[in-house]
Protein chains: 2
Amino acid sequence: MPCLACPLRLKPAFKDKTDDEVRFIQSMKVEHRRLPPGADIIHPGQEDAELYTLFAGWAFRYQLLPDGRRQILNFLLPGDLVGLQASLLSAAQHGIEALTEVELCVFSRKRVWDLFVRMPSLSYEIAWLGSREESLIDQNLTSVGQRNAGERIAALVISLYRRADALGLVADNSFRFPLSQQQLADALGLSLVHTSKTWSRLRKAGLFSTSDGRLTLLNPRLTSRMALLYERELEPRPLI
Amino acid sequence: MPCLACPLRLKPAFKDKTDDEVRFIQSMKVEHRRLPPGADIIHPGQEDAELYTLFAGWAFRYQLLPDGRRQILNFLLPGDLVGLQASLLSAAQHGIEALTEVELCVFSRKRVWDLFVRMPSLSYEIAWLGSREESLIDQNLTSVGQRNAGERIAALVISLYRRADALGLVADNSFRFPLSQQQLADALGLSLVHTSKTWSRLRKAGLFSTSDGRLTLLNPRLTSRMALLYERELEPRPLI
DNA sequence: CGAGTTCTTGATAACCGTCAATAAAAGTGG
DNA sequence: CCACTTTTATTGACGGTTATCAAGAACTCG
């Protein structure tokens, strides 16, 4: 599919691009790749990672400790840049794994430098997207460091809900939610068992329900309050 | 002081720059500011934050919850870029506070766009520095999510030790360590009391000692092992 | 239907948080 | 320089949150 006709461009979350910019992006694209759930997109320690955007599906970034413990750092949704850190730094400290079946636009890592020389607007956007991802990780770190189990779950659900909503993936307060409890636990910094118990406690309290791999937010107000969010959320906006 | 004569340029951790690049940086610099310990460098929610580099001293980034809990996200050492996220996104989700007396080089935020247009090598380096900071936060998130109290302290000490060492600030396994126990606790996601107890347990176990605001690593091997670090650490290197 | 995975639930223990009181250190004013 | 106050660090007792162990239930998939 040509980038000019990319359906992601139509979503409100995406900035308008000039034809020149889109053509340049198209010229960097070397492949459109489809991977099954659980596939490695970037392997921990990989030195020659390409740069991707996630065209469809969900993925996550994670880091391992030598004894096997795993921390999920953040989740990636359609439109997100994948592997920027691994492309700029010479070796990935993290891995990236497909959570669902995914489609990736593969870009030539070697031409990233060319992009910085010739397309300042796109390089600015790359830096901006990097900062936005960092801001997400900041919030996860605050969650894991300061919130208790129930608050963490509420905060994660709200965060994913808002991101899905911005992509038009929410209908009737309900959206696809493909995380296993083990993945939830690794993202929240909790044990599997405690995650399961807390998760079902919040379900029974009427915050949300799940069925068929989808999550429905039944009580957004209560969930936000439990997540200890500020009333006024700061939406990231570009400077230019 | 003119940027051409900046002493930070001589440190091995810093990349060579052409005279052109340094002149451009000089032209963006609007002030050299000195602030006392505890001063706000960027206020949470601030919308017009300038861009800084930390010329001397220590600082930290933090995030607050509505009920007052605080998570310290990462520490900033001399040479670090300060406020990139706040400059690119239009409002800071975090605050930045001086930990010691600091000296800041203040750069015009409005000319950041100009930099991206005219200086691709510098914009690439900005993106690179942003990714490196994200990588640090990844590691803190993994620490807080997966390591227990002792492991977290060991990992933090090693991480700061290595960063100070790269700046030539370590002499005889000893370096300035200006954190209070409250700040330690907020960075580690632990209570003040538990931090104090674990800290003194590790001191008594001979991992390190403190006196006069300095920390001495007495047993680097044991400390690294307790921190559950990989044998082979991946040093971030630039692609170009 | 059977085998594997994922999820749930209860019992127990470890880790960590809170409360409270003391000690040490740092800042302040006479 | 010495009292005085304020902040920061230490230590013990106790309680709550979370981890671990274990077993069974529910779900998936061939």
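In what follows, chains carry the letters A, B, and so on, assigned in the order in which the sequence lines appear, proteins first and then strands, with residues in each chain numbered from 1.
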Checklist line | Candidates B:Phe75, B:Tyr161, B:Trp199 - the one meeting ring-ring contact (aromatic ring centres under 6.0 Å, His included) with B:Phe177 | finding: B:Trp199

Margin query: Between B:Asp80 and B:Arg132, does any side-chain N to carboxylate O distance fall below 4.0 Å?
Written below: yes

Note to self: Closer than 3.5 angstrom, by distance alone: can the side chain of B:Arg109 be matched with the main-chain N or O of B:Leu51 as a donor-acceptor pair?
What the structure shows: no

Check: How long is the line joining NE2 of A:His194 and P of C:dT12, in whole Å?
Finding: 19 Å

Margin query: Measure CZ/A:Phe177 against P/C:dC7 and give the value in whole Å, please.
Written below: 11 Å

Next item on the list: Give, ordered by number, those residues of residues 142-149 of chain A having at least one heavy-atom distance below 4.0 Å to an atom of DNA chain D; if nothing qualifies, reply none.
Entry: A:Asn148, A:Ala149

Margin query: Name the residue from B:Glu134, B:Glu133, B:Glu97 that meets the salt bridge (Lys or Arg N to Asp or Glu O under 4.0 Å) definition with B:Arg61.
Written below: B:Glu133

Next item on the list: Please report, rounded to the nearest Å, how far the C1' atom of D:dA26 is from the CG atom of A:Asp212.
Entry: 15 Å

Next item on the list: Give the rounded distance in Å between these two atoms: CG of A:Leu188 and C1' of D:dT17.
Entry: 15 Å

Would you list the atom pairs, donor with acceptor, under 3.5 Å between side chains in residues 219-229 of chain B and any protein atom, with sequence neighbours excluded?
residue: B:Asn219; atom: OD1; partner: B:Leu222; partner atom: N; Å: 3.1
residue: B:Thr223; atom: OG1; partner: B:Asn219; partner atom: O; Å: 2.7
residue: B:Ser224; atom: OG; partner: B:Pro220; partner atom: O; Å: 3.0

Notebook entry, point to check: Given atom CD1 of B:Ile153 and atom P of C:dC16, what is their separation to the nearest angstrom?
Noted result: 10 Å

Margin query: Surrounding CG of B:Asp172 (heavy atoms of other residues, nucleotides or ligands, distance under 6.0 Å), is the total greater than 12?
Written below: no

Notebook entry, point to check: Under a 4.0 Å N-O cut-off, is there an ion pair linking B:Asp67 with B:Arg69?
Noted result: yes

Check: Once you round it to whole Å, what is the distance between C1' of C:dA14 and CD of B:Glu151?
Finding: 14 Å

Are there any protein N/O atoms within less than 3.5 Å of an N/O atom in nucleotides 6-12 of chain D, and if so, which ones and at what distance?
residue: D:dA9; atom: OP1; partner: B:Gln181; partner atom: N; Å: 3.4
residue: D:dA9; atom: OP2; partner: B:Gln181; partner atom: N; Å: 3.1
residue: D:dT10; atom: OP1; partner: B:Arg203; partner atom: NH2; Å: 2.9
residue: D:dT10; atom: OP2; partner: B:Gln181; partner atom: NE2; Å: 2.5
residue: D:dT10; atom: OP2; partner: B:Ser196; partner atom: OG; Å: 3.3
residue: D:dG12; atom: N7; partner: B:Lys197; partner atom: NZ; Å: 3.1

Next item on the list: Taking B:Glu103 for its side chain and B:Leu54 for its backbone only, find out whether a donor-acceptor pair lies under 3.5 Å.
Entry: no

Check: What is the nucleic acid contact for B:Gly150, judged by heavy atoms within less than 4.0 Å: base, sugar-phosphate only, or nothing?
Finding: nothing

